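Step one of this worksheet: look at the structure below.
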Amino acid sequence: RFFFKFDVSEGENAEGFLFSVTPVTACERFSNHQGSSFQGVESRIIESPHPYCNNMHVKQHFRFSDPRVARLDVIFNGEGAEFLVGDEADVLVFSRDHFEHEIIKTIGEDDASDFSIDGNEFYLNFYSDQQEVSYGFTFIVVPVTYCQIFAANQGETFVGLESHLIESPHPYCNDVNMSKFYSFTHHGIVALKFAFDNKNSDIDQGIEDLDSFSNMGVLTFAAQNESEDESYSFYLGSTE
């Protein structure tokens with residue numbers, strides 16, 4: 001409903017007006033919605049009409065444009081989330097492309113489980129048949145940043161004698177204070193060589209007062225690169 005008021009001052013002459021009013025249902029609005037591009041790294045709620053309608057085939061594209069986003073956690077079992085459909089033919093399909101060539105996850109009547117999507121975007125397809133309808137869906141998308149993934153990683157154990165690349169997010173984040181433990185299990189290793197390439201690393205003054213752990217205890221070293229060399233390296237352990 002709406003209120004409409006039209007005032008005409010005495011002596012004025014105007015053409016008047018003509019307009020139409022067309023009611024739009026929640027299902028029509030949902031079907032015409034093409035998706036969203038979200039700013040920032042806040043969680044977002046995505047939902048269908050409640051209840052949804054028969055014979056729906058909706059395609060939408062959702063993207064988190066913040067370059068820090070590395071992964072999307074899709075929550076169906078959290079507070080405020082729900083999935084309830086009328087029958088097994090009514091499904092949600094998450095894919096990496098508009099045509100569903102690469103399907104990520106299909107959510108059906110008995111499979112409303114949480115999952116994760118690598119990257120910062122997905123396509124959503126919702127199908128319903130002409131049979132019974134129900135509540136529909138409400139799910140939460142939680143963007144996870146590269147820095148959050150890096151902070152959660154406690155380190156790694158390496159097997160063999162191959163070199164391994166260890167890197168931070170690019171760029172790294174503010175207020176970073178973390179410890180990680182890395183170990184090599186090969187019995188023949190007597191030292192570890194650390195090499196930094198200034199062409200691929202943005203470290204302002206090298207590394208200062210970095211605590212490294214080995215089977216010999218705690219060794220504190222400073223490897224500050226004050227020259228204009230393109231790369232530098234140092235050893236941890238015996239080099240004799």
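All values reported here derive from a predicted model rather than from experimental measurement.
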For this session: Evaluate the criterion side-chain contact (heavy atoms from CB on, under 4.5 Å) for residue pair E88 and Q131; output intermediate values, then yes/no.
Result: CA-CA 10 Å; E88 61 183 12; Q131 304 301 318; over 6 Å; no

Could you pull out the closest heavy-atom pair between [X] and [Y], with the gap in Å?
X	Y	answer
N125	S95	ND2-OG, 3.8 Å
N120	L72	C-CD1, 3.6 Å
A89	D87	N-OD1, 2.9 Å
D90	Y52	OD2-OH, 2.6 Å
V141	F64	CG1-CE1, 3.6 Å
Y182	N153	OH-ND2, 4.1 Å

Problem set entry | Pi-cation contact, F150 with K180 (under 6.0 Å, within 45°) |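 Checked: cation-pi criterion met.
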
Heavy-atom distance under 4.5 Å between the side chains of [X] and [Y], does that happen here?
X	Y	value
V91	E109	no
R96	D118	yes
V133	M56	no
N32	F30	no
L92	F139	yes
P51	S134	no
V69	V144	no
V85	F137	no

Can you see whether [X] engages [Y] through a side-chain donor-acceptor pair at a distance of less than 3.5 angstrom?
X	Y	answer
S128	N54	no
Y127	H57	yes
E121	H61	yes

Exercise. If Ile, Leu, Val, Met, Phe, Trp and Tyr residues are connected whenever their side-chain heavy atoms lie under 4.5 Å apart, and connections chain through other members, are V58 and I46 in the same group?
Worked result: yes

Exercise. In terms of hydrophobic clusters joined by side-chain contacts under 4.5 Å, are I166 and V159 together?
Worked result: no

Exercise. Would I107 and F83 count as a side-chain contact (heavy atoms from CB on, under 4.5 Å) if you check the C-alpha gap in whole Å, the side-chain angles of each, and the deciding distance to 0.1 Å?
Worked result: CA-CA 9 Å; I107 302 294; F83 183 83; 3.8 Å; yes

Between [atom1] on residue [X] and [atom2] on residue [Y], distance to nearest 0.5 Å:
X	Y	atom1	atom2	result
D111	T106	CG	OG1	8.5 Å
S43	D73	OG	CG	9.0 Å
E156	H164	CD	NE2	7.0 Å
T138	F76	OG1	CZ	9.5 Å
D114	I75	CG	CD1	4.0 Å
T157	F184	OG1	CZ	10.0 Å

Is it true that atom [atom1] of [X] has more than 12 heavy atoms of other residues, nucleotides or ligands lying nearer than 6.0 Å?
X	atom1	value
I149	CD1	yes
E42	CD	yes
E132	CD	no

Exercise. What do you reckon, are the aromatic ring centroids of F94 and F126 less than 6.0 Å apart?
Worked result: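 No, the ring of F94 stays outside the 6.0 Å limit from the ring of F126, centre to centre.
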
Exercise. Taking the six-membered ring for Trp, are the ring centroids of F4 and F17 within less than 6.0 Å of each other?
Worked result: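 Yes, close enough.
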
Using only atom types and a distance under 3.5 Å, with no angle test, would you say the side chain of [X] pairs donor to acceptor with the backbone of [Y]?
X	Y	value
K105	F115	no
Q60	H33	yes
H50	S48	yes
S36	F38	no

For this session: Show the numbers, then the answer: is there a side-chain contact (heavy atoms from CB on, under 4.5 Å) between R29 and S31?
Result: CA-CA 5 Å; R29 184 171 59 185; S31 297; over 6 Å; no

Problem set entry | Criterion side-chain contact (heavy atoms from CB on, under 4.5 Å) on D66 and Q39, from CA distance to verdict | CA-CA 6 Å; D66 194 299; Q39 305 293 323; over 6 Å; no

